[in-house]
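Just so it is clear: chains get the letters A, B, ... in the order the sequence lines come, proteins before strands, and each one is counted from 1. The figures here come from the full heavy-atom set of this structure, side chains too, leaving out hydrogens, waters and symmetry mates.
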Amino acid sequence: MSRVDDLLELTDRELMSAHCSGDPDAFGELFRRHRDRMWALAVRTTRDPEMAADAVQEAFLSAFRRADSFRGEAEVTTWLHRIVVNSCLDRLRRVKPVANMPEADLSTLADPHDHHHSVEVRLDVHAALEQLPEGQRMALVLVDMHGLSTAEAAEVLDVAEGTIKSRCSRGRAAMVPLLGLATPPDNSTRASPKEPMASP
Amino acid sequence: MSRPHIPVEPPASPDDDPTGVRALLSGLPEPAPMPGYLVERIHASLNAAQSQRAASFSSDRVTPLVATGRRRPGRVLFAIAGAAAVVLVAVVGTGLFKSNQTGGSTTTAASIASGDQRASAAVPTAASDKAAPEAATVPAVIQIRTSETRYTRADFATQARSLGAAVLSAAQPTASGSLSSSPRDTQAGLTECLTGLGVVGARIVHADLAFYEGVPALIIVATTSDVPMAYAVGRDCTQANPDLLHQATPLP
């Protein structure tokens, strides 16, 4: 069995241990396994391919150098997610330094009686996400777009799971007027099995 | 008599989303896989980091560069322990770094050759076949210049390559008052910044006090085991907070 095959047999935790013990190839295998997912996360978070490239490169380098800090309580992927998210947010905050915005109820932005507004002014999904406070936006990116569970997202963002659920709920509610959604969209073609039927 | 059947609502799932936004977001197209150029770039960075790590793992003669503890905010200083001699470059002013305000890009370079004491202080031994030359042959060199070069993210690698290729000039006297009064302070600050960046055993270091994306910055090109790596850091670079503005970029 070749060296590459040996590495393929190892779990992420085993690869981390091997890396910390000095194995020169172990981290490369971790990179190969998770690079696409971390890249997707960086793109979804930054919406800027150049910034995403810088962020994900720094994240993997940081993970390489600070592998000793991986305590093992969480999954390796969760740990990598956290490093990538922090790398992205650091860059975003440099470009758009803003104080922590209160998580206001953005549903008040659109007048519910202004039908013209709700139909004509419909933000692109990504533009709408940009309007959200960082906490809500990251919760939706991780849970709704990236597919993490609320528990995993809570670990990545280092907050309580209840906070993630709250941010998701408020973020989705805030997106409705921004997207011009008078009623929830028809989910018949792409709703996940867990999605409830939209009520009239 | 049978008890009436009272339908019980199932407990709400955490995934319930009456707004439909979750379905919208989850239905967005998945980003494409990591582009090939980025895979190669990260591979190169990891390989360079691995070379540095291999050198530090195998060395049994490395003398850690210990910070004196006297860290002055706003100063970026670094010291390099090379394979042979150590040459310190200090550019220190009352502020952080003074850039010559002569209406254009000007450079000042200062290099101070250390004494034999430092030369023997740290001689890391590389495990790979890219071992650093013996102490009697190539000295380690550091050169700092002050320019008003506007480094950009898009052209960083190209601009840094020019910095790394700059001819190491002889020591030039700087304006009075711009040299550290204490080489010990200089070494401590320099050590902190490079340590914070994870740079170990660099033999040649070029640094440029300039700007990165419009922000005052220090651009560093450090050559370790024949792999030049470029960094952009804030001028408050310290071990605890290297303030990395542009990630380590290999310059093959």
Side-chain angles (χ1 to χ4, degrees), chain A residues 22 24 27-28 31-32 35-36 38-44 49-62 64-65 87 90 94 125-126 129 140-141 143-145 147 149-150 161 165 168-169 171-173 175-176 179 181 183-187 189-192 194-196 198-199, chain B residues 10 12-35 37-39 41-54 56-58 127-128 153-154 156 196-200 213 215 229 231-232 234 242-250:
Chain A
F27 195 87
F31 171 62
R32 188 195 64 77
R35 65 192 187 203
D36 290 340
M38 296 305 120
W39 166 245
L41 175 59
V43 167
R44 284 167 169 149
E50 268 194 56
M51 187 184 293
D54 290 349
V56 78
Q57 178 173 350
E58 180 182 304
F60 273 109
L61 260 181
S62 177
F64 179 97
R65 289 174 176 148
S87 182
D90 283 347
R94 277 188 210 140
V125 170
H126 299 297
L129 274 172
L140 295 185
V141 166
V143 175
D144 291 354
M145 296 175 75
S149 68
T150 51
E161 187 175 354
K165 292 178 181 176
C168 282
S169 177
R172 292 166 189 154
M175 294 275 282
V176 169
L179 295 172
L181 297 176
T183 55
D186 179 4
N187 296 331
T189 58
R190 55 186 166 163
S192 70
K194 294 181 182 178
E195 290 293 331
S199 55
Chain B
S13 159
D15 297 329
D16 282 351
D17 174 32
T19 68
V21 171
R22 177 183 170 88
L24 256 181
L25 295 178
S26 64
L28 291 172
E30 186 85 6
M34 179 179 281
Y37 83 90
L38 183 57
V39 173
R41 197 170 101 186
I42 296 177
H43 265 141
S45 295
L46 293 177
N47 287 339
Q50 179 57 38
S51 295
Q52 293 177 355
R53 196 171 80 131
S56 62
F57 266 144
S58 63
S128 70
R153 190 199 308 171
F156 184 70
L197 292 172
V199 177
V200 177
E213 293 288 322
V215 174
M229 296 289 286
Y231 310 79
D243 195 14
L244 190 65
L245 302 177
H246 192 104
Q247 78 293 336
T249 302

- Query: OG of S26(B) to CG of D144(A): how many Å apart, nearest 0.5 Å?
  - Reply: 7.0 Å
- Message: A side-chain contact here means heavy atoms from C-beta on lying under 4.5 Å apart; do V21(B) and V125(A) qualify?
- Response: no
- Item | Segment of V215(B) engaging chain A (4.5 angstrom heavy-atom cut-off) | neither
- Message: Is there a side-chain contact (heavy atoms from CB on, under 4.5 Å) between V141(A) and L25(B)? Walk through the geometry before answering.
- Response: CA-CA 8 Å; V141(A) 166; L25(B) 295 178; over 6 Å; no
- Message: With a 4.5 Å cut-off on side-chain heavy atoms, are V39(B) and R32(A) touching?
- Response: no
- Message: What verdict does the side-chain contact (heavy atoms from CB on, under 4.5 Å) test give for R35(A) and I42(B), after you've listed the backbone C-alpha separation in whole Å, the side-chain angles of each residue and the deciding distance to 0.1 Å?
- Response: CA-CA 10 Å; R35(A) 65 192 187 203; I42(B) 296 177; over 6 Å; no
- Message: Determine whether a donor-acceptor pair (N or O, by modelled atom type, separation under 3.5 Å) exists between the side chain of W39(A) and the backbone of A32(B).
- Response: yes
- Of A49(B), A48(B), G198(B), the largest count of non-hydrogen pairs under 4.5 angstrom with chain A goes to A49(B)
- Item | When R65(A), M51(A), R44(A) are compared by non-hydrogen pairs under 4.5 Å with chain B, the top option | R44(A)
- Message: Let me confirm one number: the CZ-CG distance from R172(A) to L24(B), rounded to the nearest 0.5 Å.
- Response: 11.5 Å
- CD (Q57(A)) and CZ (R41(B)) are apart, to the nearest 0.5 Å, by 4.5 Å
- Most heavy-atom pairs under 4.5 angstrom with chain B, which of F27(A), F31(A), F60(A)? F31(A)
- Message: Side chains of V43(A) and E30(B), heavy atoms from C-beta outward: is any pair under 4.5 Å?
- Response: no
- Query: M38(A) versus chain B, heavy atoms under 4.5 Å apart: side chain, backbone, both or neither?
  - Reply: neither
- Message: With rounding to the nearest 0.5 angstrom, report the CG to CZ distance, L245(B) to R94(A).
- Response: 5.5 Å
- Query: When rounded to the nearest 0.5 angstrom, what distance separates OG1 in T19(B) from CE in M175(A)?
  - Reply: 8.5 Å
- Message: For the CG atom of D90(A) and the CG atom of L244(B), what is their distance to the nearest 0.5 Å?
- Response: 10.0 Å
